[in-house]
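Remember, it's 1-based here, ligands and their atoms both numbered in the order they're listed. Because only heavy atoms are used, hydrogens play no part in the values below, and waters and symmetry mates are left out as well, while side chains stay in.
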Amino acid sequence: HTKSTGRNGYNFFEASMNANAAEQLQLLHDLRLAEANGELRLHYQPKFEAPAGPVQGFEALLRWEHPQRGLLSPDAFLPLAEKTGLIVPIGRWVLDEACRQLREWHLQGLDQWTVAVNLSAVQFEQPDLLGVVTEAIGRHGIPPAMLTIEVTETVAMRNPETTIETLEQLTALGVRASIDDFGTGYSSLLYLKRLPASELKIDRAFVRDMSVGNEDSVIVSAIIALAKALGLQVVAEGVETAEQQQFLTGLGCETLQGFLLDRPMTPTQILARLEQARPGESAFVAESLSPA
Ligand code: C2E
Ligand code: MG
Ligand code: MG
Ligand code: MG
């Protein structure tokens, strides 16, 4: 008896597959309406100057406030959005919303704040990407340098010549480019040298597994050296412990991001944080925060 065939010949395996397919279909149906229903949200995770601030900018991270399922993370719906192409209109919304938020912050006097937006492979390969970015910036009248586009190393290296061209067009607008999840893809150093990016983000898997003298810490140290040699800002993702914070700072990593410093927050939470800060004290100096 190998298959999960029940007493009545009912195949539980198939039943669960169908349930899953039905669930995915329902999710897709809901996702098509998510933007129009105003259910998409951006949360913002700060990036800190090492070791503990001040804040340098924020990364916009997509959330879906599903009416029945609650707040969903990208893992729960991005794969489906990418497979169906829905990521294109959703991604357009993300860019627009990030620019709108930047404009709002700038009008409130927070005019040094920057926002990074993640692009998936499908979005990055859209022929009208440049137009979409230009439009979002223009509509909200923000300085292009306040917007960063994050694309993963894997996506960037899929078709390096095209990537160089795309990033050249984007950076010609004044937008900045960042290579995300670095170390998990297969970069040709020749192409890396030619990429008009200004930032490289060390994937959090390396940060997580670092310990003194082990392979991951050697890799992290090599990535930092490489970034510096190429004149790129280097950011460590997924900093969760004080040890990682100290170690990365010691290696010369300029910027840190991670739950130790701050989780992704709503704009309301960010403003509340600002209001709580005592005069003369930065609201985003991580050391001054109570542990989570
Ligand atoms: P990413 O761009 O590498 O973003 C970092 C992810 O790590 C975020 O997850 C963030 O919440 C999480 N993170 C940050 N600090 C820590 C930490 O200290 N520990 C741990 N364990 N995790 C940490 P999130 O928000 O679930 O996003 C996952 C991925 O989804 C992102 O990875 C990005 O690739 C994608 N994504 C998010 N927002 C968008 C979007 O608007 N458009 C597109 N195309 N992709 C997005
Ligand atoms: Mg990212
Ligand atoms: Mg990343
Ligand atoms: Mg990632």
Nearest-option assignment for [atom], heavy atoms, candidates [options]:
| atom | options | result |
| --- | --- | --- |
| atom 33 (C) of ligand 1 | Asp203, Ile90, Asn118 | Asn118 |
| atom 24 (P) of ligand 1 | Glu59, Arg63, Lys201, Glu82 | Arg63 |
| atom 37 (C) of ligand 1 | Ala205, Pro74, Ser120 | Pro74 |
| atom 21 (N) of ligand 1 | Glu240, Gln244, Glu150 | Glu240 |

For a quick test of your reading: what N or O donor-acceptor pairs under 3.5 Å do the side chains of residues 70-87 make, sequence neighbours left out?
| from | atom 1 | to | atom 2 | distance (Å) |
| --- | --- | --- | --- | --- |
| Thr84 | OG1 | Leu80 | O | 2.8 |
| Thr84 | OG1 | Ala81 | O | 3.4 |
| Thr84 | OG1 | Leu86 | N | 3.4 |

Honestly, for Leu42 the part within reach of ligand 1 (heavy atoms, under 4.0 Å) is neither
- Query: Non-hydrogen atoms of Gly238 versus ligand 1: any pair closer than 4.0 Å?
  - Reply: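 A heavy atom of Gly238 does come that close to ligand 1.
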Relative to the Mg ion (ligand 2), which of the N, O or S atoms in [X] is the closest?
| X | result |
| --- | --- |
| Asp180 | OD2 |
| Glu59 | OE2 |
| Glu150 | OE1 |

Specify the closest pair of heavy atoms between Gln233 and Gln56, including all atoms of both residues, with the distance to one decimal.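 Heavy atoms of Gln233 and Gln56 come nearest at NE2-OE1, 4.3 Å.
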- prompt: Does anything in residues 211-220 pair up under side chain to side chain donor-acceptor pair (under 3.5 Å), and if so which pairs, sequence neighbours excluded?
  reply: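 Applying side chain to side chain donor-acceptor pair (under 3.5 Å) to every pair that reaches into residues 211-220, excluding sequence neighbours, yields Ser211-Asn214, Asn214-Ser217.
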With atoms numbered from 1 as shown, which atoms in ligand 1 lie under 4.0 angstrom from a non-hydrogen atom of [X]?
| X | answer |
| --- | --- |
| Leu78 | 30 (O), 35 (C), 36 (N), 45 (N), 46 (C) |
| Val94 | 41 (O) |
| Gln45 | 14 (C), 15 (N) |
| Glu237 | 3 (O) |

Measure from NZ or CZ of Arg194 to the centre of the six-membered ring of Tyr191, then state whether that distance is under 6.0 Å and the direction lies within 45° of the axis. no
Requested in this report: Look only at the side chain of His106 and the backbone of Trp113, and say whether a donor-acceptor pair between them is shorter than 3.5 Å.
Outcome: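 Yes: the side chain of His106 pairs with the backbone of Trp113.
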Q.
Do Gln246 and Thr249 pair up side chain to side chain, a donor and an acceptor below 3.5 Å, judged on atom types alone?
A. no
Do Glu39 and Trp64 have side-chain atoms, one donor and one acceptor, less than 3.5 Å apart? yes
Below 3.5 Å, N or O to N or O, backbone or side chain included: is there any such pair between [X] and ligand 1?
| X | value |
| --- | --- |
| Phe259 | yes |
| Arg204 | yes |
| Asp180 | yes |

CE (Met265) and CG (Leu42) are apart, to the nearest 0.5 Å, by 14.0 Å
So CG of Leu195 and CD of Glu168: to nearest 0.5 Å the spacing works out to 9.0 Å
For this session: Test side chain to side chain donor-acceptor pair (under 3.5 Å) on Glu59 and Asn118 and set out the steps.
Result: CA-CA 8 Å; Glu59 176 175 9; Asn118 292 285; 2.9 Å; yes
Look at the N, O or S atoms of Thr152, main chain and side chain alike, and state whether any lies under 2.8 Å from the Mg ion (ligand 2). no
> Quick one: angle Asp181 OD1 - the Mg ion (ligand 3) - Glu237 OE1, to the nearest 10°?
Replying inline: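 With the Mg ion (ligand 3) as the vertex, OD1 (Asp181) and OE1 (Glu237) sit 90° apart.
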